[in-house]
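For reference, the structure is listed below as structure tokens.
Note that ligands are numbered from 1 as they come in the structure, with each ligand's atoms numbered from 1 the same way.
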Amino acid sequence: MSDIKHDALLSPVGVRNLQAKNRIWMAPLTRSRATMPGNVPNEMMAEYYRQRSGAGVIIAEATPVTPWGHGYYATPGIHSDKQVEGWKPVTDAVHSRGGKIVLQLWHVGRVSNSALLPGNGQPVSSTDVISESMSYIDDTWTRAKNTAPRKLETDEIPGIVEEFRDGAQRAKDAGFDGVEIHGANSYLLDQFVRDGVNKRDDIYGGSIENRIRFPLMVADAVADVWKDEDGGASRVGYRISPLSEHKDVRDSDPEAVFRALAAGLGQRRLGFLHSVETWDRSTIDPRVATVLPAIVKSFKDAGGGLYIGNGDYTPEQADNAIVNGWADAIAFGKLWIPNPDLEKRIAMDGPYRKPEPETFYGGGAEGYINFEPLEVGASS
Ligand SMILES: Cc1cc2nc3c(=O)[nH]c(=O)nc-3n(C[C@H](O)[C@H](O)[C@H](O)COP(=O)(O)O)c2cc1C
């Protein structure tokens with residue numbers, strides 16, 4: 001072990017109940033391999049996560065809390081008993097290897113298509129303006145345009161909060177170590193936070209306080225389910241992507257709105273805040289350098305736990321981020337896909353296999369669970 005290069009990444013990190021054996025986390029990755037119909041997790045998924053249980057914490061793929069929250073074909077859900085049963089072998093597999101796994105709770109909002117929704121209904125959102133995204137709607141794996149959404153009525157919001165509460169409870173029943181609320185990447189909660197898309201004139205639109213109201217109601221409900229003995233919520237995280245912008249999914253003042261949101265999450269003593277800083281470090285928005293630390297400071301000053309950085313990090317950049325105090329841990333995404341023993345490879349300074357985008361979504365074992373570990377026996 002004398003030639004270990006990435007000491008900082010390999011050191012443990014923890015906040016109260018979510019202690020991790022290293023700072024190399026696995027970012028949530030939609031792989032669209034749930035059993036259809038029913039969006040049920042399966043044995044192949046258990047094997048996939050088992051292989052990656054050397055991560056400090058695995059943040060499992062985005063998982064809708066309601067049938068109305070699906071926006072892509074074959075994504076697993078956490079809204080039926082069958083899905084809870086399907087997740088249990090996944091959490092057991094990770095725990096049997098001494099790993100930790102939290103579930104990302106999801107509602108896509110307008111990023112959907114009627115073909116995926118109950119009764120071929122309309123997606124819901126803060127707005128009735130259509131999303132420019134495309135999504136997979138069946139096993140032909142061709143992308144279809146989103147369907148125009150229906151603007152949620154003011155009195156419908158508490159019902160969606162309850163769906164997040166139910167999802168959080170089901171995640172607990174399924175044996176997860178915690179949950180991450182998906183507030184990033186232009187899905188439902190983001191559709192309320194950012195003023196480029198939220199033009200509402202009720203208590204969920206307009207002022208910053210109003211736009212973060214729904215996300216904080218969700219945080220309250222989820223934290224209530226996962227409450228620590230001391231009243232905190234150290235097993236609950238929240239994901240943001242404050243500077244990722246696409247068409248109307250942007251904010252006129254991202255620093256102000258995400259600082260306010262982060263402070264609210266910190267007051268609830270969430271265990272971690274997780275940010276997609278960029279998808280491509282070579283074209284990173286220069287505002288990240290100042291806006292992100294301000295958001296993290298708001299979270300921590302208010303009582304929040306760890307900051308988890310993400311976005312196109314190399315192990316070298318990640319190690320520097322830890323050493324420089326930028327982040328407490330780094331979540332790698334794509335790198336985990338062809339490198340199921342990533343933490344071992346980082347300890348040995350590589351080599352790393354390159355991700356193969358053609359097998360990211362859908363399909364079977366190929367590109368999913370067929371990657372050999374670095375050394376025979378190293379990850380079995
Ligand atoms: C195949 C794939 C699936 C993804 N699925 C999710 C997801 O379910 N939830 C989420 O918040 N982000 C998702 N992302 C974004 C990643 O978590 C991460 O933010 C992004 O890939 C940048 O980090 P990386 O360069 O380390 O992969 C996905 C990205 C990829 C490539």
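- For ligand 1, the 4.0 Å heavy-atom shell takes in A27, P28, L29, T30, A62, Q104, H182, N185, R239, V276, W279, N310, G311, D312, F332, G333, K334, F360, Y361, ordered by chain and residue number.
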Residue pair L103, I78: steps toward the side-chain contact (heavy atoms from CB on, under 4.5 Å) verdict: CA-CA 9 Å; L103 186 64; I78 190 80; 4.0 Å; yes
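- For D248 and R110, the salt-bridge test passes: some basic side-chain N is under 4.0 Å from an acidic carboxylate O.
- Linking Ile, Leu, Val, Met, Phe, Trp and Tyr residues whenever their side-chain heavy atoms come within less than 4.5 Å leaves L105 and V108 in two separate clusters.
- Under the side-chain hydrogen bond (donor to acceptor under 3.5 Å, both in side chains) criterion, H246 pairs with no residue, sequence neighbours left out.
- Checking W106, F360, W141, Y136 one by one against Y72, the ring pair (Phe, Tyr, Trp, His ring centres under 6.0 Å) holds for a single residue, W106.
- Using a 4.5 Å cut-off between side-chain heavy atoms of Ile, Leu, Val, Met, Phe, Trp and Tyr, with links allowed through other members, Y307 and L261 fall into the same hydrophobic cluster.
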